[in-house]
2 protein chains.
Amino acid sequence: MAAASKPRATGTVALTTLAGEELGSAAQRDRRKRIIDATIALASKGGYDAVQMRAVADRADVALGTLYRYFPSKVHLLVSSLAAEFERAQDKMDRTTIPGENPYERVLFVLGRITRGLQRNPHLTEAMTRAFTFADASAGAEVDTVALLMERMFTKAMSDQEPTEEHKAIARVIGDVWLSNLVAWVTRRATATDVATRLELTVRLLLA
Amino acid sequence: MAAASKPRATGTVALTTLAGEELGSAAQRDRRKRIIDATIALASKGGYDAVQMRAVADRADVALGTLYRYFPSKVHLLVSSLAAEFERAQDKMDRTTIPGENPYERVLFVLGRITRGLQRNPHLTEAMTRAFTFADASAGAEVDTVALLMERMFTKAMSDQEPTEEHKAIARVIGDVWLSNLVAWVTRRATATDVATRLELTVRLLLA
DNA sequence: GACGACTATAGAACGTGTTCCAGTTTTGCC
DNA sequence: GGCAAAACTGGAACACGTTCTATAGTCGTC
């Protein structure tokens with residue numbers, strides 16, 4: 001549900017070209033959904049390289065030009081899809097009670113859970129990660145949306161209260177480390193275990 | 001990012017990188033240097049997009065095929081150039097006495113210095129950063145080289161001694177945060193000041 | 001100083017992201 | 001319903017990373 005509700009507390013996020021959810025007709029919302037679904041399907045099967053614009057258009061049953069009207073580049077498309085997936089994941093997380101006595105344990109729980117989720121679909125993760133970090137300034141807004149979602153996820157894990165400045169700073173650091181480790185995992189410089197270990201170590205340095 | 005560059009399976013050794021120039025003849029070492037110089041010049045002028053393989057070959061006065069013999073892809077080329085630049089910077093750093101009473105101050109000094117250096121050449125930084133994070137597994141070795149150089153730089157900043165496990169972990173976290181902030185800076189989601197502030201904050205959380 | 005094996009060169013060719021175009025359909029409005 | 005504007009379509013065209021081919025140069029070995 002919350003896919004539609006994007007109640008960014010402070011200042012609405014620039015709606016991402018036509019990619020914003022406030023699209024006019026039902027047909028348009030449907031087209032957009034088909035496009036994102038096609039993107040995720042292709043990315044899940046073959047990663048970044050398999051998300052070919054012609055293939056996406058084909059599979060979503062729209063013309064190539066239409067695809068580009070909705071998403072002005074492959075990176076926009078992938079990052080927007082990432083945002084969609086992220087929101088799905090967060091909705092699920094929001095309906096979960098995060099166990100743990102303290103921020104340290106709770107953050108570890110959230111991290112473990114997301115990380116396992118990503119490892120379950122390596123191709124998709126590869127596609128999303130590479131798009132996210134390859135984005136140039138023109139996709140800044142979309143990237144920022146995702147970055148905010150991520151930060152919010154970690155601050156929420158630490159405490160249900162309005163986050164303190166320190167918690168925000170810590171959340172950002174964790175997010176940064178997480179991203180770097182994803183990049184390392186995608187290039188196979190780090191195994192899943194490496195990633196888990198390093199995240200744990202980081203959280204310990206920051207929160208223990 | 002275009003065609004598949006995976007099945008170059010022949011048993012040839014990747015002479016394509018490595019700080020150590022095992023390259024045979026003087027002519028070959030010279031060609032390699034011309035290529036890297038051309039890459040850095042083009043990247044400095046126009047960033048990632050301006051580093052076009054035909055343009056690099058032209059400027060380095062080698063044939064396109066030769067360029068590809070030395071560096072099997074644009075990403076390899078850019079990451080190898082990054083490694084070269086990094087070594088230059090580190091040499092300079094090694095000849096400097098890092099001021100500061102404690103690891104905290106010393107790491108901040110090093111970070112500030114590098115960050116200012118990067119900001120002095122935004123296009124080059126953009127090209128390098130994007131190549132580094134966009135790399136796929138086939139460039140894992142090159143990327144790893146750079147990652148190690150980076151880690152070493154921070155551990156050395158913390159102390160001249162053999163680094164402890166904890167210092168290594170901290171160095172890695174700092175490197176991760178640094179990379180993420182570079183990505184944010186490149187997409188213009190963060191200003192130079194933002195980056196400086198966040199790095200400082202991170203170091204404080206870890207070392208103060 | 002001739003031979004064979006690499007290596008380099010020029011350029012064509014190919015794949016995929018992106019742009020453009022001419023024609024058609026849908027939408028919003030009277 | 002009629003009409004202009006906007007959106008969609010199929011397809012051609014273009015740019016740049018990458019690969020391939022045919023030819024020519026270079027270097028080590030006899």
Side-chain angles (χ1 to χ4, degrees), chain A residues 17-20 23-35 38-39 42-43 46-80 127 130-131 134-136 138-139, chain B residues 1-13 15-16 22-35 38-39 42-43 46-80 127 130-131 134-136 138-139:
Chain A
T17 65
L18 268 194
L23 249 312
S25 72
Q28 282 173 321
R29 249 172 291 125
D30 190 54
R31 258 186 221 105
R32 182 173 196 278
K33 179 174 187 320
R34 289 206 312 272
I35 291 173
T39 302
L42 288 169
Y48 187 90
D49 290 340
V51 180
Q52 301 187 354
M53 299 305 269
R54 289 173 181 82
V56 172
D58 253 32
R59 185 165 186 140
D61 238 321
V62 298
L64 189 54
T66 305
L67 173 53
Y68 273 96
R69 167 184 288 275
Y70 280 72
F71 301 96
S73 80
K74 175 168 174 172
V75 164
H76 285 79
L77 171 60
L78 277 166
V79 176
S80 299
R130 287 178 74 198
F134 187 60
D136 69 353
S138 81
Chain B
M1 83 197 68
S5 54
K6 9 270 183 194
R8 54 178 44 262
T10 52
T12 30
V13 188
L15 46 67
T16 66
E22 310 302 339
L23 235 9
S25 72
Q28 282 172 322
R29 248 172 293 123
D30 190 53
R31 258 185 222 107
R32 185 174 196 278
K33 178 172 188 321
R34 289 206 312 273
I35 291 173
T39 303
L42 288 169
Y48 187 89
D49 291 340
V51 180
Q52 301 187 355
M53 300 304 269
R54 290 172 180 86
V56 172
D58 253 33
R59 185 165 186 139
D61 239 319
V62 298
L64 190 53
T66 306
L67 173 52
Y68 273 95
R69 168 185 287 275
Y70 281 70
F71 301 95
S73 80
K74 175 168 173 170
V75 164
H76 285 80
L77 171 59
L78 277 166
V79 177
S80 299
R130 288 177 73 195
F134 187 62
D136 69 353
S138 80

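The chains referred to below are lettered A, B, ... by the order of the sequence lines, with proteins before strands, and numbering in each begins at 1.
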Student: Rounded to whole Å, how long is the line connecting atom OH of B/Tyr48 with atom C1' of D/dC16?
Tutor: 11 Å
Student: Looking only at the side chain of B/Met53 (C-beta and beyond, no hydrogens), which of the listed nucleotides C/dT18, D/dT18, C/dA8 gets closest?
Tutor: D/dT18
Student: For the pair made of CG in A/Asp136 and P in C/dG17, what is the distance, rounded to whole Å?
Tutor: 16 Å
Student: Does a side-chain N or O from B/Tyr70 land closer than 4.0 Å to OP1 or OP2 of C/dT7, or not?
Tutor: no
Student: Is B/Val51 touching bases, backbone alone, or none of the nucleic acid, heavy atoms closer than 4.0 Å?
Tutor: sugar-phosphate
Student: Rounded to the Å, how far apart are B/Arg31 CZ and C/dT7 C1'?
Tutor: 8 Å
Student: Do you know the tightest heavy-atom contact between B/Val56 and B/Thr39?
Tutor: CG1-OG1, 3.8 Å
Student: Send over the distance from B/Gln52 CD to D/dC16 P, rounded to a whole Å.
Tutor: 4 Å
Student: Which atom pair, heavy atoms only, marks the closest approach of B/Ala43 to B/Ala127?
Tutor: CB-CB, 3.8 Å
Student: Over how many whole Å does the gap from B/Lys74 atom NZ to C/dT16 atom P extend?
Tutor: 18 Å
Student: Round to a whole Å and report the spacing from CG of A/Asp49 to P of D/dG17.
Tutor: 15 Å
Student: Could you list, one pair per line, each protein nitrogen or oxygen that sits under 3.5 Å from a nitrogen or oxygen of nucleotides 10-13 of chain C, together with the distance?
Tutor:
| residue | atom | partner | partner atom | Å |
| --- | --- | --- | --- | --- |
| C/dA13 | N6 | B/Arg54 | NH2 | 3.2 |

Student: I'd like to check the side chain to side chain donor-acceptor pair (under 3.5 Å) partners of B/Thr66; sequence neighbours left out, ordered by chain and number.
Tutor: none
Student: Show the nearest heavy-atom pair for residues B/Arg32 and B/Ser80, with the distance to one decimal.
Tutor: NH2-CB, 4.5 Å
Student: With sequence neighbours excluded, what pairs up with B/Asp61 under the salt bridge (Lys or Arg N to Asp or Glu O under 4.0 Å) test?
Tutor: none
Student: Ignoring the backbone of A/Ala27, work out which of D/dT18, C/dT27, C/dA8 is nearest its side chain.
Tutor: C/dT27
Student: Quick one: list whatever passes side chain to side chain contact (heavy atoms under 4.5 Å, CB included) with B/Ala55, sequence neighbours left out.
Tutor: B/Leu42, B/Gln52
Student: Once you build an axis from the first five pairs and another from the last five of the helix from C/dG1-D/dC30 to C/dC30-D/dG1, how far apart in angle are they, to 10 degrees?
Tutor: 20°
Student: Taking only residues two or more places apart in sequence or in another chain, which ones pass side chain to side chain contact (heavy atoms under 4.5 Å, CB included) with B/Ala135?
Tutor: A/Thr187, B/Val75, B/Ala139, B/Val143
Student: Applying side chain to side chain donor-acceptor pair (under 3.5 Å), can you list everything that pairs with B/Asp58, at least two apart in sequence or on another chain?
Tutor: none
Student: Rounded to the nearest angstrom, tell me the gap between atom CZ in A/Arg69 and atom P in D/dA6.
Tutor: 10 Å
Student: With B/Arg59, which residues qualify under side chain to side chain donor-acceptor pair (under 3.5 Å), at least two apart?
Tutor: none
Student: Could you list the residues that satisfy side chain to side chain donor-acceptor pair (under 3.5 Å) with B/Asp49, not counting sequence neighbours?
Tutor: none
Student: Mind calculating the distance between OH (A/Tyr68) and C1' (D/dT9) to the nearest angstrom?
Tutor: 16 Å
Student: Holding to salt bridge (Lys or Arg N to Asp or Glu O under 4.0 Å), I want the full list of residues that pass it with B/Arg34, two or more places apart in sequence or in another chain.
Tutor: B/Asp30
Student: Mind listing the N/O atom pairs, protein and nucleotides 22-25 of chain C, below 3.5 Å?
Tutor:
none

Student: Is the positively charged end of B/Lys74 above the ring of B/Tyr48, judged by distance under 6.0 angstrom from the centroid and angle within 45° of the axis?
Tutor: yes
Student: Heavy atoms under 4.0 Å, any strand shown: does B/Asp61 hit a base, just sugar-phosphate, or nothing?
Tutor: sugar-phosphate
